Amino acid sequence: MIDFSILICVYNPDIRLLSKCIDAVKALDTTNISFEVILVDNNSNPGLETYPIVQDARKTIPNLVTLIEPKQGISHARVAGIKAAKGKYIIIFDGDNDPHADYLQVLSKLTKQHSSVGAWGPGNVWVDFIDGVEDMLRPKAMELFQERHDNFTIFACLRSWEDCYPFGTGLCIKIEHALFYINLFEKGHFTLKGREGNRLSSGEDTQMVLSCIVNGEAAGRSPDLKINHVIPANRANLNYMKRLRYGLNIDYDLTIKQVIPEYKVHFGRPLKKSLWHSIKIYRKLIKAVITNNSEKIIDLISHCSIRAGAYQAMERPIPVTLKRVLKMVKASY
């Protein structure tokens, strides 16, 4: 086996972002490290093979493999790439990720120093709004697109979702845990398919990380792992951010419960009377409508979707008020 398999899955990519990603991969310091690059085309039209940047990458990146996964959905693309991988570790870059040049060197050091950690992610993420972003949206956008700046390396192995666990951006995971995830995904135990069509979710990233945890290994982040997350105009806007917040929250509890069955769903303090919940929801709705403030709008979506997701995870009916407001919110985008 080789050290690292770098997996890049894309669908109808922005050529500017894909070019930056491929250039960043080319620039990686691979001294004394064996690696391969697997580029998965998730049924793009036109196909990636027609892109000059991909044709050039074939000539300039050693051990580049290209695959086509016709089944739509980021999870299917990642499954295809992981099955083809020969590395001890899988590194997952999306087409909008630009890792810093020492990314592999840092991972090589971390994996040797902390052999019981099964998944690593970057502790330093810079969000780059390549086409700019409105000032009033910037703080919430930076949060949603995972801007972070950790001060120290941290990891844990607790059967719940911990703040130190990595997200999907720049995720590095041991091949055995990735294959464990694939096995359960293909058997139908994991039903979340990640980003697919208009649905925005990252449930598959979370379930990959939690696969390490249930197998008795830790997951964590290091500030020495650095990456740029490049966001174009078609995502740096309120409508996309509303969809993203909804997609992340609606699947949150189900994502964890499918991997950790004993996980306790909290419903956002569900034991209060339903009238109390309704009043709180309508207060948030009125504030969002009156002020037309983007932060309050996203806060409303966050409040409602995380609670609806809890009912979904427990297979309980969603309260009428919550249903109505969610329907209203979804109609706005």
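Residue numbers start at 1 and run along the sequence shown. The structure presented is a predicted model; accordingly, all values stated were derived computationally and were not measured. What's counted below: heavy atoms across the whole structure, side chains too, no hydrogens, waters or symmetry copies.
Within the 4.5 Å cutoff, the side chain of K323 has no heavy atoms near those of the Y311 side chain. For the pair N234 and P232, the minimum side-chain heavy-atom distance is below 4.5 Å. Contact of the T206 side chain with the V209 side chain is not registered, since no non-hydrogen atoms from C-beta on lie closer than 4.5 Å. By the 4.5 Å heavy-atom criterion applied to side chains, T60 and I22 are not counted as neighbours. Put simply, the side chain of F35 does not reach to within 4.5 Å of the side chain of L28, judged on heavy atoms. Residues R58 and T66 meet the side-chain proximity criterion, which asks for heavy atoms closer than 4.5 Å. For the pair F180 and V214, the minimum side-chain heavy-atom distance is below 4.5 Å. Side-chain contact check for P223 versus T153: some heavy-atom pair is nearer than 4.5 Å.
When hydrophobic clusters are built by joining Ile, Leu, Val, Met, Phe, Trp and Tyr residues whose side-chain heavy atoms come closer than 4.5 Å, directly or via intermediates, I90 is grouped together with L210. Put simply, V37 and L7 are part of two different groups of oily side chains (I, L, V, M, F, W, Y) that touch within less than 4.5 Å, one to the next. With hydrophobic clusters built from ILVMFWY side chains whose heavy atoms lie under 4.5 angstrom apart, L179 shares a cluster with V79. L104 and I61 end up in the same hydrophobic cluster when Ile, Leu, Val, Met, Phe, Trp and Tyr side chains are linked at under 4.5 Å. Under the 4.5 Å side-chain heavy-atom criterion for ILVMFWY residues, a single connected hydrophobic cluster contains both L225 and V125.
Heavy atoms from other residues, nucleotides or ligands lying under 6.0 Å from NZ of K257 number more than 12. Residue Q113 places its CD atom among more than 12 non-hydrogen atoms of other residues, nucleotides or ligands, all under 6.0 Å distant. Around atom CG of L137, more than 12 heavy atoms belonging to other residues, nucleotides or ligands sit under 6.0 Å away.
With D41 contributing its side chain and N43 its backbone, the two residues share a donor-acceptor pair below 3.5 Å. In terms of modelled atom types and a separation under 3.5 Å, the side chain of D3 and the main chain of S34 share a donor-acceptor contact. For N42 (side chain) and G73 (main-chain N/O), a donor-acceptor pair under 3.5 Å exists by modelled atom type. The backbone N or O of I298 lies less than 3.5 Å from no partner atom in the side chain of S302, so there is not a single donor-acceptor pair. At distances below 3.5 Å, not a single donor-acceptor pair connects side-chain atoms of E162 with backbone N or O atoms of A156. Within the 3.5 Å criterion, the main-chain N or O of D163 finds a donor-acceptor partner in the side chain of R221. A donor-acceptor pair under 3.5 Å is absent between the side-chain atoms of N228 and the main chain of V230, judged by distance alone.
Contact detail for C212 and A119: the closest heavy-atom pair is SG-CB, 3.7 Å. Residues C304 and L326 approach most closely at CB-CD2, 3.8 Å, considering heavy atoms. The two residues G87 and I175 come nearest to each other via the heavy atoms O-CB, 3.5 Å. Here the shortest heavy-atom pairing between D29 and Q105 reads O-NE2, 3.2 Å. Contact detail for D253 and G309: the closest heavy-atom pair is CB-O, 4.2 Å. When all heavy atoms of S5 and A85 are compared, the pair lying nearest together is OG-CB, 3.5 Å.
Taking CG from L158 and CD1 from I260, the interatomic distance works out to 9.5 Å, rounded to the nearest 0.5 Å. The distance from the CE atom of M136 to the CD atom of E134 is 4.5 Å, given to the nearest 0.5 Å. Between H177 atom NE2 and I82 atom CD1 the span is 12.5 Å, to the nearest 0.5 Å. How far CG of L48 is from CG of N12: 8.5 Å, rounded to the nearest 0.5 Å. Annotation: the span from N97 atom CG to I227 atom CD1 amounts to 4.0 Å, rounded to 0.5 Å. Rounded to the nearest 0.5 Å, atoms CG (D251) and CD1 (I256) are 11.0 Å apart.
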Check step by step if ring pair (Phe, Tyr, Trp, His ring centres under 6.0 Å) holds for F4 and Y103. CA-CA 11 Å; F4 296 104; Y103 209 85; 9.3 Å; no
Decide yes or no on side chain to side chain contact (heavy atoms under 4.5 Å, CB included) for N215 and E176, but give the supporting numbers first. CA-CA 10 Å; N215 284 323; E176 57 263 39; over 6 Å; no
Stepwise side chain to side chain contact (heavy atoms under 4.5 Å, CB included) check, D224 with W120: CA-CA 11 Å; D224 297 330; W120 286 105; over 6 Å; no
What's the verdict on side chain to side chain contact (heavy atoms under 4.5 Å, CB included) for L144 and V127, showing C-alpha distance, side-chain angles and the deciding distance? CA-CA 10 Å; L144 283 170; V127 178; over 6 Å; no
Determine, step by step, whether T111 and Y89 satisfy the side chain to side chain contact (heavy atoms under 4.5 Å, CB included) criterion, reporting the C-alpha distance in whole Å, the side-chain angles of both residues, the deciding distance to 0.1 Å, and the verdict. CA-CA 9 Å; T111 55; Y89 289 85; 3.4 Å; yes
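Ring-plane geometry between F185 and Y181 is classed as parallel, the angle between the planes falling under 30 degrees on a 0 to 90 degree scale with a further cut at 60. The aromatic rings of F145 and F129 stand perpendicular to each other, their planes meeting at an angle above 60°, with 30° marking the opposite boundary. Ring geometry, Y252 versus Y263: the interplanar angle exceeds 60°, so the pair is classed perpendicular (tilted spans 30 to 60°).
We find that R235 and D131 are not joined by a salt bridge, their nearest charged nitrogen and carboxylate oxygen being 4.0 Å or further apart. Salt bridge D56/K26: present, at least one basic N to carboxylate O contact under 4.0 Å. Using a 4.0 Å cut-off between a side-chain N of Lys or Arg and a carboxylate O of Asp or Glu, E147 and R138 do not qualify as a salt bridge. Look at E69 and K83 and you find no salt bridge, because none of the NZ, NE, NH1 or NH2 atoms lies under 4.0 Å from a carboxylate O.
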